[in-house]
Chemist: 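Pasting a structure here, questions to come.
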There are 2 protein chains.
Amino acid sequence: MPQIPPPRADTELTPSDHVVLGMISLGASTGYAIKQTVERSIRFFWTISQAQIYPSLQRLEQVGLIRGRDAPRGRRPRREFALTRAGRAALVEWMRADEEIPFELRDTGMLKLFFADTLAPDDAAALLERVRERSAGRLRALRAIEPEAQRAAQGGNLHPLLTLEMGMSFTQAMVDVCESFAERLAAGAR
Amino acid sequence: MPQIPPPRADTELTPSDHVVLGMISLGASTGYAIKQTVERSIRFFWTISQAQIYPSLQRLEQVGLIRGRDAPRGRRPRREFALTRAGRAALVEWMRADEEIPFELRDTGMLKLFFADTLAPDDAAALLERVRERSAGRLRALRAIEPEAQRAAQGGNLHPLLTLEMGMSFTQAMVDVCESFAERLAAGAR
DNA sequence: GAAAACATGTAAGTAGTTACATGATTCG
DNA sequence: CGAATCATGTAACTACTTACATGTTTTC
(Lines give C-alpha, C1' and ligand atoms only; values in the text may rest on other atoms or scores of the structure.)
Protein backbone atom coordinates (compact mmCIF):
# COMPACT_ATOMS: atom_id res chain seq x y z
CA MET A 1 0.00 0.00 0.00
CA PRO A 2 1.48 3.34 -1.05
CA GLN A 3 2.65 5.74 1.61
CA ILE A 4 1.07 9.15 2.03
CA PRO A 5 2.79 11.49 -0.46
CA PRO A 6 5.20 14.20 0.82
CA PRO A 7 3.12 16.62 2.86
CA ARG A 8 4.93 19.81 1.76
CA ALA A 9 1.97 21.81 0.42
CA ASP A 10 2.35 24.59 -2.12
CA THR A 11 1.62 27.17 0.52
CA GLU A 12 4.16 25.82 3.00
CA LEU A 13 7.31 27.84 3.40
CA THR A 14 10.87 26.57 3.59
CA PRO A 15 13.10 27.63 6.50
CA SER A 16 14.87 29.98 4.09
CA ASP A 17 11.58 31.68 3.27
CA HIS A 18 11.22 32.37 6.96
CA VAL A 19 14.69 33.86 7.07
CA VAL A 20 13.71 36.24 4.28
CA LEU A 21 10.49 37.09 6.08
CA GLY A 22 12.37 37.65 9.34
CA MET A 23 15.05 39.80 7.81
CA ILE A 24 12.44 42.00 6.14
CA SER A 25 10.75 42.34 9.53
CA LEU A 26 14.06 43.68 10.87
CA GLY A 27 14.21 46.29 8.15
CA ALA A 28 16.29 44.65 5.43
CA SER A 29 14.12 45.77 2.55
CA THR A 30 15.98 44.61 -0.57
CA GLY A 31 17.31 41.23 -1.63
CA TYR A 32 20.80 42.63 -1.47
CA ALA A 33 20.28 44.00 2.05
CA ILE A 34 18.88 40.65 3.21
CA LYS A 35 22.01 38.88 2.02
CA GLN A 36 24.27 41.47 3.72
CA THR A 37 22.37 41.25 6.98
CA VAL A 38 22.46 37.47 7.01
CA GLU A 39 26.24 37.57 6.55
CA ARG A 40 26.69 40.03 9.40
CA SER A 41 24.36 38.42 11.89
CA ILE A 42 23.23 34.80 11.52
CA ARG A 43 25.89 33.43 9.19
CA PHE A 44 27.37 31.31 11.97
CA PHE A 45 24.21 29.27 12.37
CA TRP A 46 22.41 29.82 9.06
CA THR A 47 23.43 30.62 5.51
CA ILE A 48 21.42 31.50 2.46
CA SER A 49 22.72 32.12 -1.04
CA GLN A 50 21.73 35.00 -3.23
CA ALA A 51 20.29 32.55 -5.76
CA GLN A 52 17.74 31.51 -3.14
CA ILE A 53 16.75 34.97 -2.02
CA TYR A 54 15.34 36.44 -5.20
CA PRO A 55 13.07 33.49 -6.08
CA SER A 56 11.98 33.42 -2.44
CA LEU A 57 10.99 37.10 -2.60
CA GLN A 58 8.92 36.37 -5.72
CA ARG A 59 7.18 33.43 -4.05
CA LEU A 60 6.46 35.32 -0.86
CA GLU A 61 4.98 38.22 -2.79
CA GLN A 62 2.82 35.87 -4.86
CA VAL A 63 1.30 34.32 -1.73
CA GLY A 64 0.74 37.77 -0.24
CA LEU A 65 3.15 37.65 2.71
CA ILE A 66 5.25 40.57 1.48
CA ARG A 67 4.56 43.54 -0.75
CA GLY A 68 7.20 44.96 -3.09
CA ARG A 69 7.51 48.35 -4.73
CA ASP A 70 10.06 49.69 -7.17
CA ALA A 71 12.43 52.10 -5.46
CA PRO A 72 15.27 52.71 -7.93
CA ARG A 73 18.37 54.65 -6.91
CA GLY A 74 19.10 56.83 -9.90
CA ARG A 75 18.76 54.57 -12.88
CA ARG A 76 19.85 51.50 -10.93
CA PRO A 77 16.77 49.25 -10.52
CA ARG A 78 15.90 48.36 -6.95
CA ARG A 79 12.93 46.80 -5.23
CA GLU A 80 11.89 47.37 -1.62
CA PHE A 81 9.81 44.86 0.28
CA ALA A 82 7.73 45.11 3.41
CA LEU A 83 5.71 42.54 5.36
CA THR A 84 1.98 42.45 4.88
CA ARG A 85 -0.24 41.79 7.88
CA ALA A 86 -0.45 38.16 6.73
CA GLY A 87 3.34 38.08 6.49
CA ARG A 88 3.83 39.26 10.06
CA ALA A 89 1.26 36.72 11.22
CA ALA A 90 3.06 33.94 9.31
CA LEU A 91 6.37 34.88 10.91
CA VAL A 92 4.89 34.87 14.41
CA GLU A 93 3.03 31.63 13.71
CA TRP A 94 6.27 29.96 12.60
CA MET A 95 8.03 30.97 15.82
CA ARG A 96 5.12 29.86 17.99
CA ALA A 97 4.49 26.58 16.16
CA ASP A 98 4.59 23.57 18.44
CA GLU A 99 6.64 21.34 16.16
CA GLU A 100 10.02 19.78 16.55
CA ILE A 101 12.85 22.29 16.05
CA PRO A 102 15.53 20.89 13.70
CA PHE A 103 19.19 21.18 14.62
CA GLU A 104 21.73 20.12 12.01
CA LEU A 105 25.45 20.06 12.53
CA ARG A 106 27.95 18.86 9.93
CA ASP A 107 31.42 19.23 11.31
CA THR A 108 34.30 17.83 9.29
CA GLY A 109 36.61 18.64 12.20
CA MET A 110 34.77 16.37 14.61
CA LEU A 111 34.52 13.78 11.84
CA LYS A 112 38.28 13.69 11.35
CA LEU A 113 38.88 13.66 15.10
CA PHE A 114 36.48 10.75 15.52
CA PHE A 115 38.69 8.59 13.30
CA ALA A 116 41.98 9.99 14.61
CA ASP A 117 42.97 6.92 16.63
CA THR A 118 44.26 5.50 13.33
CA LEU A 119 46.72 8.38 13.13
CA ALA A 120 50.26 8.57 14.50
CA PRO A 121 50.15 10.41 17.88
CA ASP A 122 51.88 13.50 16.46
CA ASP A 123 49.43 13.71 13.57
CA ALA A 124 46.47 13.31 15.93
CA ALA A 125 47.83 16.10 18.12
CA ALA A 126 48.33 18.33 15.08
CA LEU A 127 44.76 17.70 13.93
CA LEU A 128 43.43 18.50 17.39
CA GLU A 129 45.38 21.76 17.36
CA ARG A 130 44.04 22.66 13.90
CA VAL A 131 40.48 22.07 15.09
CA ARG A 132 41.16 24.14 18.22
CA GLU A 133 42.59 26.99 16.19
CA ARG A 134 39.67 26.89 13.78
CA SER A 135 37.22 27.25 16.67
CA ALA A 136 39.35 29.97 18.22
CA GLY A 137 39.22 31.84 14.92
CA ARG A 138 35.44 31.55 14.76
CA LEU A 139 35.28 32.82 18.33
CA ARG A 140 37.28 35.91 17.34
CA ALA A 141 34.86 36.49 14.44
CA LEU A 142 31.91 36.29 16.81
CA ARG A 143 33.54 38.70 19.27
CA ALA A 144 33.98 41.13 16.39
CA ILE A 145 30.21 41.37 15.87
CA GLU A 146 29.43 41.52 19.59
CA PRO A 147 29.41 45.36 19.82
CA GLU A 148 26.74 45.51 17.12
CA ALA A 149 24.59 42.99 18.99
CA GLN A 150 25.12 44.96 22.23
CA ARG A 151 23.91 48.10 20.50
CA ALA A 152 20.84 46.27 19.17
CA ALA A 153 20.14 45.01 22.69
CA GLN A 154 20.33 48.54 24.06
CA GLY A 155 17.75 49.46 21.44
CA GLY A 156 15.40 46.75 22.68
CA ASN A 157 16.38 43.97 20.24
CA LEU A 158 17.65 41.51 22.84
CA HIS A 159 17.52 38.26 20.93
CA PRO A 160 20.33 38.79 18.43
CA LEU A 161 22.59 39.12 21.47
CA LEU A 162 21.14 35.90 22.90
CA THR A 163 21.97 33.90 19.78
CA LEU A 164 25.40 35.49 19.59
CA GLU A 165 26.12 34.56 23.22
CA MET A 166 24.94 31.06 22.45
CA GLY A 167 27.30 30.88 19.52
CA MET A 168 30.20 32.18 21.57
CA SER A 169 29.56 29.77 24.45
CA PHE A 170 29.15 26.89 22.05
CA THR A 171 32.40 27.73 20.27
CA GLN A 172 34.25 28.36 23.53
CA ALA A 173 33.15 24.91 24.73
CA MET A 174 34.74 23.33 21.67
CA VAL A 175 37.99 25.20 22.28
CA ASP A 176 37.99 24.13 25.93
CA VAL A 177 37.50 20.46 25.14
CA CYS A 178 40.29 20.61 22.57
CA GLU A 179 42.63 22.10 25.17
CA SER A 180 41.75 19.71 27.95
CA PHE A 181 42.12 16.75 25.64
CA ALA A 182 45.46 17.99 24.33
CA GLU A 183 46.70 18.12 27.93
CA ARG A 184 45.43 14.64 28.65
CA LEU A 185 47.13 13.29 25.52
CA ALA A 186 50.39 15.00 26.46
CA ALA A 187 50.17 13.59 29.99
CA GLY A 188 49.41 10.13 28.61
CA ALA A 189 52.41 10.23 26.28
CA ARG A 190 54.84 10.86 29.17
CA MET B 1 37.63 36.04 -18.22
CA PRO B 2 36.13 32.68 -17.23
CA GLN B 3 36.74 31.36 -13.76
CA ILE B 4 38.65 28.15 -13.17
CA PRO B 5 36.13 25.30 -13.55
CA PRO B 6 34.99 23.32 -10.46
CA PRO B 7 38.06 21.49 -9.17
CA ARG B 8 36.25 18.36 -7.95
CA ALA B 9 38.14 15.69 -9.91
CA ASP B 10 36.72 12.24 -10.61
CA THR B 11 39.12 10.71 -8.14
CA GLU B 12 38.26 13.15 -5.35
CA LEU B 13 36.15 11.79 -2.53
CA THR B 14 33.18 13.45 -0.88
CA PRO B 15 33.13 13.81 2.92
CA SER B 16 30.61 10.97 3.00
CA ASP B 17 33.04 8.72 1.18
CA HIS B 18 35.50 9.41 3.97
CA VAL B 19 32.90 8.49 6.54
CA VAL B 20 32.42 5.15 4.81
CA LEU B 21 36.17 4.66 4.65
CA GLY B 22 36.54 5.57 8.31
CA MET B 23 33.75 3.34 9.49
CA ILE B 24 35.20 0.38 7.60
CA SER B 25 38.54 1.13 9.29
CA LEU B 26 36.74 0.79 12.63
CA GLY B 27 35.41 -2.62 11.65
CA ALA B 28 31.98 -1.87 10.21
CA SER B 29 32.28 -4.23 7.29
CA THR B 30 28.87 -4.09 5.60
CA GLY B 31 26.75 -1.21 4.31
CA TYR B 32 24.17 -2.05 6.92
CA ALA B 33 26.74 -2.05 9.73
CA ILE B 34 28.12 1.29 8.57
CA LYS B 35 24.67 2.85 8.80
CA GLN B 36 24.10 1.36 12.29
CA THR B 37 27.47 2.56 13.54
CA VAL B 38 26.93 6.08 12.21
CA GLU B 39 23.59 6.25 14.03
CA ARG B 40 25.14 5.11 17.30
CA SER B 41 28.26 7.25 17.24
CA ILE B 42 28.51 10.30 14.99
CA ARG B 43 24.87 11.02 14.24
CA PHE B 44 24.94 14.19 16.35
CA PHE B 45 27.51 15.84 14.10
CA TRP B 46 27.19 13.88 10.86
CA THR B 47 24.46 11.94 9.10
CA ILE B 48 24.50 9.73 6.05
CA SER B 49 21.57 8.01 4.42
CA GLN B 50 21.50 4.42 3.32
CA ALA B 51 20.95 5.59 -0.27
CA GLN B 52 24.38 7.23 -0.16
CA ILE B 53 26.24 4.34 1.40
CA TYR B 54 25.78 1.62 -1.20
CA PRO B 55 26.78 3.75 -4.21
CA SER B 56 29.72 5.05 -2.17
CA LEU B 57 30.89 1.49 -1.48
CA GLN B 58 30.74 0.76 -5.21
CA ARG B 59 32.74 3.89 -6.07
CA LEU B 60 35.35 3.23 -3.39
CA GLU B 61 35.82 -0.33 -4.60
CA GLN B 62 36.14 0.83 -8.21
CA VAL B 63 38.96 3.23 -7.32
CA GLY B 64 40.66 0.54 -5.25
CA LEU B 65 40.36 2.02 -1.76
CA ILE B 66 38.30 -0.88 -0.41
CA ARG B 67 37.98 -4.51 -1.35
CA GLY B 68 34.68 -6.38 -1.08
CA ARG B 69 33.93 -10.06 -0.86
CA ASP B 70 30.64 -11.92 -0.73
CA ALA B 71 29.95 -13.22 2.75
CA PRO B 72 26.31 -14.37 2.76
CA ARG B 73 24.59 -15.42 5.97
CA GLY B 74 22.58 -18.45 4.94
CA ARG B 75 20.87 -17.50 1.74
CA ARG B 76 20.72 -13.81 2.64
CA PRO B 77 23.19 -11.95 0.42
CA ARG B 78 25.81 -9.93 2.22
CA ARG B 79 29.02 -8.19 1.24
CA GLU B 80 31.97 -7.50 3.54
CA PHE B 81 34.43 -4.73 2.84
CA ALA B 82 37.92 -4.04 4.09
CA LEU B 83 40.35 -1.18 3.45
CA THR B 84 43.12 -1.73 0.96
CA ARG B 85 46.55 -0.27 1.69
CA ALA B 86 45.62 2.62 -0.64
CA GLY B 87 42.38 3.05 1.28
CA ARG B 88 44.12 3.35 4.62
CA ALA B 89 46.58 5.82 3.10
CA ALA B 90 43.70 7.89 1.66
CA LEU B 91 42.00 8.00 5.08
CA VAL B 92 45.17 9.13 6.83
CA GLU B 93 45.90 11.66 4.08
CA TRP B 94 42.43 13.14 4.44
CA MET B 95 42.91 13.61 8.19
CA ARG B 96 46.39 15.09 7.75
CA ALA B 97 45.49 17.36 4.81
CA ASP B 98 46.32 20.98 5.46
CA GLU B 99 43.11 22.44 4.08
CA GLU B 100 40.36 24.43 5.68
CA ILE B 101 38.06 22.26 7.81
CA PRO B 102 34.38 22.96 7.02
CA PHE B 103 31.93 23.50 9.85
CA GLU B 104 28.25 23.83 9.06
CA LEU B 105 25.54 24.55 11.58
CA ARG B 106 21.88 24.99 10.65
CA ASP B 107 19.87 25.56 13.77
CA THR B 108 16.20 26.45 13.37
CA GLY B 109 16.06 27.07 17.12
CA MET B 110 18.65 29.84 17.02
CA LEU B 111 16.98 31.16 13.88
CA LYS B 112 13.62 31.50 15.59
CA LEU B 113 15.22 33.00 18.68
CA PHE B 114 17.07 35.55 16.58
CA PHE B 115 13.76 36.98 15.38
CA ALA B 116 11.98 36.57 18.71
CA ASP B 117 11.94 40.27 19.62
CA THR B 118 8.85 40.52 17.37
CA LEU B 119 7.08 38.07 19.68
CA ALA B 120 4.96 38.82 22.75
CA PRO B 121 7.17 38.36 25.87
CA ASP B 122 5.33 35.19 26.93
CA ASP B 123 5.74 33.65 23.49
CA ALA B 124 9.44 34.53 23.43
CA ALA B 125 9.88 32.93 26.85
CA ALA B 126 8.03 29.81 25.71
CA LEU B 127 10.23 29.55 22.61
CA LEU B 128 13.35 29.91 24.73
CA GLU B 129 12.12 27.13 27.00
CA ARG B 130 11.38 24.87 24.01
CA VAL B 131 14.90 25.43 22.69
CA ARG B 132 16.35 24.75 26.15
CA GLU B 133 14.38 21.54 26.49
CA ARG B 134 15.42 20.40 23.02
CA SER B 135 19.07 20.84 23.95
CA ALA B 136 18.53 19.14 27.28
CA GLY B 137 17.01 16.19 25.43
CA ARG B 138 19.97 15.96 23.09
CA LEU B 139 22.24 16.07 26.11
CA ARG B 140 20.44 13.07 27.62
CA ALA B 141 20.83 11.21 24.31
CA LEU B 142 24.57 11.91 24.34
CA ARG B 143 24.91 10.76 27.96
CA ALA B 144 23.23 7.52 26.95
CA ILE B 145 26.01 6.68 24.53
CA GLU B 146 28.79 7.80 26.90
CA PRO B 147 29.38 4.33 28.45
CA GLU B 148 30.07 2.90 25.01
CA ALA B 149 32.59 5.67 24.26
CA GLN B 150 34.21 5.11 27.68
CA ARG B 151 34.59 1.43 26.88
CA ALA B 152 36.13 2.26 23.49
CA ALA B 153 38.55 4.63 25.24
CA GLN B 154 39.58 1.88 27.65
CA GLY B 155 40.33 -0.21 24.61
CA GLY B 156 42.63 2.47 23.20
CA ASN B 157 40.13 4.25 20.95
CA LEU B 158 40.25 7.62 22.67
CA HIS B 159 38.89 9.91 20.00
CA PRO B 160 35.25 8.83 19.93
CA LEU B 161 35.15 9.91 23.57
CA LEU B 162 36.74 13.23 22.62
CA THR B 163 34.06 14.02 20.04
CA LEU B 164 31.35 12.90 22.44
CA GLU B 165 32.68 15.16 25.19
CA MET B 166 32.79 17.98 22.70
CA GLY B 167 29.17 17.36 21.82
CA MET B 168 28.13 17.21 25.45
CA SER B 169 30.03 20.40 26.28
CA PHE B 170 28.60 22.51 23.51
CA THR B 171 25.11 21.17 24.11
CA GLN B 172 25.44 21.96 27.80
CA ALA B 173 26.66 25.44 26.84
CA MET B 174 23.46 26.01 24.86
CA VAL B 175 21.33 24.88 27.79
CA ASP B 176 23.25 27.21 30.11
CA VAL B 177 22.80 30.23 27.88
CA CYS B 178 19.08 29.50 27.60
CA GLU B 179 18.79 29.37 31.38
CA SER B 180 20.81 32.48 32.07
CA PHE B 181 18.85 34.40 29.46
CA ALA B 182 15.52 33.19 30.83
CA GLU B 183 16.56 34.54 34.23
CA ARG B 184 17.58 37.85 32.78
CA LEU B 185 14.28 38.15 30.92
CA ALA B 186 12.33 37.30 34.07
CA ALA B 187 14.33 39.87 36.04
CA GLY B 188 13.78 42.46 33.31
CA ALA B 189 10.02 41.86 33.28
CA ARG B 190 9.72 42.67 36.99
C1' DG C 1 3.47 -17.03 13.63
C1' DA C 2 4.37 -12.23 13.73
C1' DA C 3 7.54 -8.54 14.41
C1' DA C 4 12.05 -6.87 14.49
C1' DA C 5 16.38 -6.89 12.65
C1' DC C 6 19.52 -7.92 8.83
C1' DA C 7 20.73 -6.79 4.23
C1' DT C 8 21.01 -4.54 -0.46
C1' DG C 9 19.76 -1.76 -3.94
C1' DT C 10 17.36 2.20 -7.01
C1' DA C 11 14.13 6.08 -8.70
C1' DA C 12 12.42 10.37 -8.14
C1' DG C 13 12.52 14.47 -6.10
C1' DT C 14 14.25 18.61 -3.21
C1' DA C 15 17.20 22.09 -1.52
C1' DG C 16 20.86 24.05 -2.08
C1' DT C 17 25.24 25.53 -4.39
C1' DT C 18 28.47 27.96 -7.84
C1' DA C 19 28.96 30.39 -11.68
C1' DC C 20 27.21 33.15 -15.30
C1' DA C 21 25.24 37.51 -16.75
C1' DT C 22 24.63 42.45 -16.46
C1' DG C 23 24.93 47.03 -15.22
C1' DA C 24 24.84 51.53 -12.07
C1' DT C 25 26.78 54.19 -8.34
C1' DT C 26 30.02 55.56 -4.91
C1' DC C 27 34.50 56.08 -2.92
C1' DG C 28 39.35 56.88 -2.81
C1' DC D 1 39.49 56.47 -13.45
C1' DG D 2 39.53 52.14 -11.36
C1' DA D 3 37.87 49.34 -7.55
C1' DA D 4 34.47 48.35 -4.41
C1' DT D 5 29.80 48.27 -3.50
C1' DC D 6 24.98 48.17 -4.81
C1' DA D 7 21.59 45.56 -7.16
C1' DT D 8 18.96 41.81 -9.62
C1' DG D 9 18.35 37.76 -11.86
C1' DT D 10 19.03 32.76 -13.99
C1' DA D 11 21.18 28.16 -15.64
C1' DA D 12 23.46 24.22 -14.53
C1' DC D 13 24.81 21.30 -11.33
C1' DT D 14 25.50 18.60 -6.86
C1' DA D 15 24.47 16.40 -2.73
C1' DC D 16 21.28 14.55 -0.34
C1' DT D 17 16.65 12.93 0.99
C1' DT D 18 12.43 9.97 1.03
C1' DA D 19 10.21 6.37 -0.63
C1' DC D 20 10.00 2.26 -3.29
C1' DA D 21 11.37 -2.50 -3.86
C1' DT D 22 12.62 -7.09 -2.14
C1' DG D 23 13.75 -10.87 0.56
C1' DT D 24 16.03 -13.62 4.76
C1' DT D 25 16.94 -14.57 9.49
C1' DT D 26 16.33 -14.03 14.30
C1' DT D 27 13.76 -13.14 18.33
C1' DC D 28 9.77 -13.16 21.21
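Every chain is numbered from 1, with letters handed out A, B, ... down the list of sequences.
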Chemist: Does a side-chain N or O of A:Y32 approach OP1 or OP2 of D:dT8 to a distance below 4.0 Å, or not?
Modeler: no

Chemist: Before accepting this row, confirm whether a basic side-chain N of the pair A:E61/A:R69 lies closer than 4.0 Å to the acidic partner's carboxylate O.
Modeler: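 No, no charged N to carboxylate O under 4.0 Å.
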
Chemist: Does a nitrogen or oxygen in the side chain of A:Q52 sit under 4.0 Å from OP1 or OP2 of C:dT17?
Modeler: yes

Chemist: Determine: side-chain N/O of A:Q50 to OP1/OP2 of D:dG9, distance under 4.0 Å, yes or no.
Modeler: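 Answer is no, no contact under 4.0 Å.
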
Chemist: Going only through I, L, V, M, F, W and Y residues with side-chain contacts under 4.5 Å, is there a path from A:L185 to A:V175?
Modeler: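 The answer is no; the residues belong to distinct hydrophobic clusters.
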
Chemist: Which nucleotide sits closest to the side chain of A:S16: D:dT8, C:dG16, C:dT18?
Modeler: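 Given the options D:dT8, C:dG16, C:dT18, the side chain of A:S16 is closest to C:dG16.
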
Chemist: A:T47 side chain N/O closer than 4.0 Å to the phosphate oxygens (OP1, OP2) of C:dG16?
Modeler: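 It does not, given that no N or O in the side chain of A:T47 lies less than 4.0 Å from OP1 or OP2 of C:dG16.
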
Chemist: OP1, OP2 of D:dA7 versus side-chain N and O of A:R78: anything below 4.0 Å?
Modeler: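 Yes.
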
Chemist: For A:V177 and B:E165, which heavy atoms make the closest approach, and how far apart are they?
Modeler: CG2-O, 4.1 Å

Chemist: Pick the nucleotide of DNA chain D nearest each of A:R106 and A:Q36; which residue has the one closer to the 5' end?
Modeler: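 Looking at the nearest nucleotide for each, A:Q36 comes out on the 5' side.
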
Chemist: Under 6.0 Å from the CZ atom of A:R96, do we count more than 12 heavy atoms belonging to anything else shown?
Modeler: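 Atom CZ in A:R96 is not packed in, count stays at 12 or less.
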
Chemist: Check whether any side-chain nitrogen or oxygen of A:S49 sits under 4.0 Å from OP1 or OP2 of C:dT17, and answer yes or no.
Modeler: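 Checking C:dT17 against A:S49, a side-chain N or O does come within under 4.0 Å of OP1 or OP2.
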
Chemist: Please determine whether a side-chain nitrogen or oxygen atom of A:R76 lies at a distance below 4.0 Å from atom OP1 or OP2 of C:dT25.
Modeler: no

